[in-house]
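Within every chain, numbering begins at 1; the chains are lettered A, B, ... in the order of the sequence lines, protein sequences first and strands thereafter.
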Protein chains: 4
Amino acid sequence: MSGAGTRSGAAAAGARGRIDKRWAILDAAFAVFAREGYAQAGVDAIAAEAGVAKATVYNHFGDKETLLRQAVTAHAERALAQNLAAVERLTDRGGELGAMLQDVGYHLLQCYCDERSWALRRLLAAELHQFPDLLDIVQGQVADRVTEALADRLARLALAGRLNTTDALLAAEQFSGLLVGPVEKRSRLGTRQLPDAELRDVVGAAVCTFLRAFAPDGAHARQAGQARQA
Amino acid sequence: MSGAGTRSGAAAAGARGRIDKRWAILDAAFAVFAREGYAQAGVDAIAAEAGVAKATVYNHFGDKETLLRQAVTAHAERALAQNLAAVERLTDRGGELGAMLQDVGYHLLQCYCDERSWALRRLLAAELHQFPDLLDIVQGQVADRVTEALADRLARLALAGRLNTTDALLAAEQFSGLLVGPVEKRSRLGTRQLPDAELRDVVGAAVCTFLRAFAPDGAHARQAGQARQA
Amino acid sequence: MSGAGTRSGAAAAGARGRIDKRWAILDAAFAVFAREGYAQAGVDAIAAEAGVAKATVYNHFGDKETLLRQAVTAHAERALAQNLAAVERLTDRGGELGAMLQDVGYHLLQCYCDERSWALRRLLAAELHQFPDLLDIVQGQVADRVTEALADRLARLALAGRLNTTDALLAAEQFSGLLVGPVEKRSRLGTRQLPDAELRDVVGAAVCTFLRAFAPDGAHARQAGQARQA
Amino acid sequence: MSGAGTRSGAAAAGARGRIDKRWAILDAAFAVFAREGYAQAGVDAIAAEAGVAKATVYNHFGDKETLLRQAVTAHAERALAQNLAAVERLTDRGGELGAMLQDVGYHLLQCYCDERSWALRRLLAAELHQFPDLLDIVQGQVADRVTEALADRLARLALAGRLNTTDALLAAEQFSGLLVGPVEKRSRLGTRQLPDAELRDVVGAAVCTFLRAFAPDGAHARQAGQARQA
DNA sequence: GATGAATGAGTATTCATTCAT
DNA sequence: CATGAATGAATACTCATTCAT
């Protein structure tokens with residue numbers, strides 16, 4: 001057993017080493033691509049940051065383009081998971097609507113303000129012309145799905161009579177716009193870190209406006225206003 | 001007089017030639033930078049697109065960085081002028097509020113959806129790390145000033161009792177968010193041209209939501225809803 | 001007369017202006033060529049140092065090569081005149097031989113150590129391969145003629161029985177070698193300015209050695225040794 | 001053992017290949033720098049002459065300046081070794097003084113007249129202003145040390161009563177001057193190859209003059225004169 | 001599979017030279 | 001004639017990619 005164990009252990013360690021290296025390269029690649037842009041990013045720099053030799057990068061990914069796509073895909077999936085988790089906090093069973101929207105909005109903005117999310121969006125914007133398929137990966141696989149998920153939840157709330165809208169997708173887009181618009185301006189495209197209090201204020205204002213527009217009657221709006229003060 | 005005219009005409013033609021070339025270079029530079037990104041953009045390509053020799057580019061602008069900054073600055077100024085003109089359509093003397101907001105929002109979104117505006121924002125996002133001062137040029141000199149101007153007009157409407165808000169800047173940010181959020185998603189970062197009808201729908205929805213939240217009483221909201229149908 | 005004077009004066013002033021500019025360019029060219037080397041020297045820099053526009057340089061000299069040759073020729077002539085003046089201090093009528101040699105040697109070394117002479121030799125060495133004809137200008141027109149002139153004078157001294165040599169040219173070469181060899185080493189190729197006292201010492205030692213070898217009898221050698229002490 | 005041998009052999013071949021390439025580049029660089037001057041020399045040309053790709057040059061030396069310094073240093077060391085070997089032929093045990101000086105002088109001049117030595121001096125003169133540290137490498141590390149070594153040997157001869165001088169360094173400088181002065185003029189800065197007979201004549205004349213000046217009595221001088229005839 | 005060395009294609013920048021004024 | 005502007009050719013240096021070990 002020890003012999004077999006040793007061998008399989010060695011093999012496992014080797015596989016683990018390979019996988020670790022693969023992830024190290026992907027992380028380094030994303031970091032360098034985001035920091036320098038695709039053209040400016042050197043494979044040298046990526047290899048150095050990953051702690052491997054340049055040729056190893058090519059052994060794993062073949063060429064620079066593939067590396068970009070894989071790195072973006074990996075980080076897009078991470079972002080998608082985080083955002084969906086945030087959306088799922090919104091249920092029709094849950095308690096008071098304003099508080100729940102505040103909670104969801106806050107977590108969505110935290111995803112949005114994550115350093116790596118800013119990097120992902122900047123990278124996407126930067127390389128749109130040269131790599132249009134990145135748009136499908138990021139916008140299609142992530143952003144749209146998050147909006148759809150949010151729309152689903154809003155639709156269930158509307159069905160339950162707790163929201164007054166017939167176009168749940170538009171409502172979801174507008175809720176996002178109310179959250180993201182102010183933040184994009186104030187954080188100067190992710191350059192400045194917003195203090196948590198300001199973030200909560202933005203969320204509160206968004207929820208307040210959203211409820212005034214979409215709550216079945218005026219009562220909720222006032223409650224939301226109170227939630228914002230808290 | 002004709003002699004003097006001839007001379008000054010010749011001199012003017014010379015100066016005109018220089019100025020024309022300068023503008024040709026700036027336009028070509030902006031186009032190529034936006035299409036390829038700073039690092040990927042070749043000065044060769046810029047010169048070719050401008051119809052001048054590469055060295056002429058260097059005679060005028062010294063180096064690639066300066067060329068980028070000048071091109072961005074020039075186009076930022078153009079965008080600023082257009083946006084301010086749009087905002088100025090919002091007066092406290094004007095007619096029905098919903099119709100006016102619809103008009104302003106539509107023109108603002110037209111500015112926003114201009115191909116060169118998308119290019120400017122993408123370029124800014126792409127080169128933020130390498131040229132942080134571009135942020136001051138674009139965000140500080142343009143976006144913020146437009147929001148401030150919009151806030152000014154909203155504040156006057158609030159003073160006139162036609163809007164119900166105490167934080168005009170926040171209201172302006174939210175109005176922008178309601179306009180821009182849906183558009184950014186639907187046009188896939190400017191990749192897809194939105195049909196005019198869809199654009200008007202987005203504006204109508206934004207105005208409707210905005211008025212429900214900020215109109216002094218429910219009457220306006222209903223009017224806005226009707227405006228949206230029209 | 002005043003009219004003609006004015007006109008010719010104007011013409012003269014114009015011509016003077018042209019000539020002045022020509023000399024300014026030649027001086028600037030020599031300075032820049034010597035400082036930077038032919039390839040590295042920019043016509044821009046020369047024009048700037050001469051205080052004229054770049055195109056003016058081309059109006060006067062046609063191209064960079066011509067400019068180099070003219071500048072070198074001009075300064076070679078200057079150096080030739082200085083060196084010949086030094087050699088002519090050596091006469092067969094003059095007083096004590098050692099003192100005269102000391103005087104000639106000192107003035108020759110002063111020519112040799114002139115900043116512009118170092119520059120001329122460095123420039124010649126640098127551009128030998130690309131412009132072999134400079135060698136004829138500098139070596140043939142200057143250095144050789146100085147050595148010949150010195151040989152002439154030494155020959156007359158030998159005829160007068162005051163020197164003991166049959167090959168005056170060789171004697172002249174050796175005298176030069178005794179002067180120049182130590183100086184070239186000590187001044188580090190003209191980088192370091194030799195103090196006047198050290199210069200005189202070198203001359204004294206050269207004269208002393210020269211006389212010991214070439215004086216008809218030992219008496220002169222001793223006198224030269226005394227001259228060196230003084 | 002054969003396996004190990006194979007491996008080390010392969011490794012050695014690899015290392016040898018690198019070293020060979022390094023030397024090929026250094027030689028090519030020196031040749032091209034000497035032929036064209038630093039500014040004019042293209043790294044392309046150097047790489048081509050070395051038979052490697054341009055990037056390989058940069059992999060080995062980083063930039064053009066470093067390449068120049070390394071090439072000069074390498075060839076300066078070579079020249080130093082040759083010159084010191086020549087000086088060491090001068091011993092106080094050896095036979096007749098005139099013959100020994102003739103031998104040393106001849107070998108020193110052969111070093112001096114080596115094509116690469118001329119190239120080294122020309123290159124030094126050419127690039128003095130831009131790379132003043134080359135002076136330390138060539139003058140300080142080579143020329144001065146050779147003169148010092150020669151002075152050492154002359155001093156031992158003086159101690160042994162075979163030379164009459166109290167300043168061995170000056171004597172060494174003058175001996176060099178007597179050798180080099182005539183040669184520099186006759187070979188036209190290394191442009192013309194001196195025939196061996198003329199070289200020997202120059203050495204003979206130098207030794208003759210030197211001994212007349214520094215031999216303890218007249219006897220040696222006459223012997224040297226005879227040596228020159230031989 | 002991981003690495004160091006080698007390479008060829010590409011790019012920003014400079015500069016001698018010309019032309020219109 | 002003196003000039004400012006324009007240009008084409010040349011060059012140092014970089015980098016993605018491949019190959020031998």
Side-chain angles (χ1 to χ4, degrees), chain A residues 14-15 17-18 21-22 38-47 51-65 67, chain B residues 6-7 10-11 13-15 17-18 21-22 25 38-47 51-65 67, chain C residues 14-15 17-18 21 38-47 51-65 67, chain D residues 6-7 9-15 17-18 21-22 38-47 51-65 67:
Chain A
R18 293 225 58 207
K21 268 183 185 173
R22 186 179 177 88
Y38 175 77
Q40 192 76 333
V43 179
D44 284 322
I46 294 172
V52 301
K54 189 169 28 167
T56 304
V57 176
Y58 281 90
N59 282 338
H60 277 265
F61 295 97
D63 65 3
K64 203 182 170 189
E65 288 195 25
L67 183 53
Chain B
T6 302
R7 264 190 258 136
R18 289 224 66 208
K21 257 172 198 176
R22 187 181 175 88
I25 295 172
Y38 175 78
Q40 192 75 335
V43 179
D44 284 326
I46 295 173
V52 301
K54 192 172 16 172
T56 304
V57 176
Y58 282 91
N59 280 341
H60 277 265
F61 296 98
D63 64 2
K64 206 182 168 188
E65 286 196 26
L67 182 53
Chain C
R18 291 224 60 208
K21 267 184 186 173
Y38 175 77
Q40 193 75 336
V43 179
D44 285 320
I46 294 173
V52 301
K54 190 168 30 166
T56 304
V57 175
Y58 281 90
N59 281 338
H60 277 266
F61 295 97
D63 65 3
K64 204 184 169 187
E65 287 195 23
L67 183 53
Chain D
T6 302
R7 264 188 258 137
R18 291 223 65 209
K21 259 172 194 173
R22 187 181 176 87
Y38 176 78
Q40 192 75 336
V43 179
D44 285 326
I46 294 173
V52 300
K54 189 175 17 174
T56 304
V57 175
Y58 283 92
N59 281 340
H60 278 264
F61 296 98
D63 64 1
K64 207 183 168 188
E65 285 197 25
L67 183 53

Response to the item:
Result for side-chain contact (heavy atoms from CB on, under 4.5 Å) between B:F61 and one of B:L67, B:T56, B:V43 points to B:L67
Worksheet item: Is the distance from OP1 or OP2 of F:dA6 to the nearest side-chain N or O of B:H60 less than 4.0 Å?
Response: yes
Worksheet item: To the nearest Å, how far apart are C:I46 CD1 and E:dC15 C1'?
Response: 12 Å
Item to complete: Take atom CG of C:D44 and atom P of F:dA6, then tell me their distance rounded to the nearest Å.
Response: 15 Å
Item to complete: Check if the side chain of A:K54 and the base of F:dT17 share a donor-acceptor pair of N or O atoms closer than 3.5 Å.
Response: yes
Practice prompt. Identify whether any heavy atom of C:A47 sits under 4.0 Å from a base atom; if not, whether one sits that close to sugar-phosphate; answer base, sugar-phosphate or nothing.
Written response: nothing
Worksheet item: Can you tell me how far P of F:dC13 sits from NZ of D:K64, to the nearest Å?
Response: 8 Å
Worksheet, complete the sentence: C:D63 atom CG is separated from E:dT17 atom P, nearest whole Å, by 5 Å
Discussion item. Strictly by Watson-Crick or wobble contacts shorter than 3.5 Å, is anything paired with F:dG4, and which nucleotide is it?
Written reply: E:dC19
Response to the item:
Here the distance between atom P of E:dT13 and atom CZ of B:F61, to the nearest Å, is 14 Å
Practice prompt. Select base, sugar-phosphate, or nothing to describe what D:A45 touches, counting heavy atoms under 4.0 Å on all strands.
Written response: nothing
Discussion item. Nearest whole Å is fine: how far is E:dT11 C1' from B:E65 CD?
Written reply: 15 Å
Fill in: Atom pair NZ/OH of A:K64 and A:Y38 - distance to nearest 0.5 Å
5.0 Å
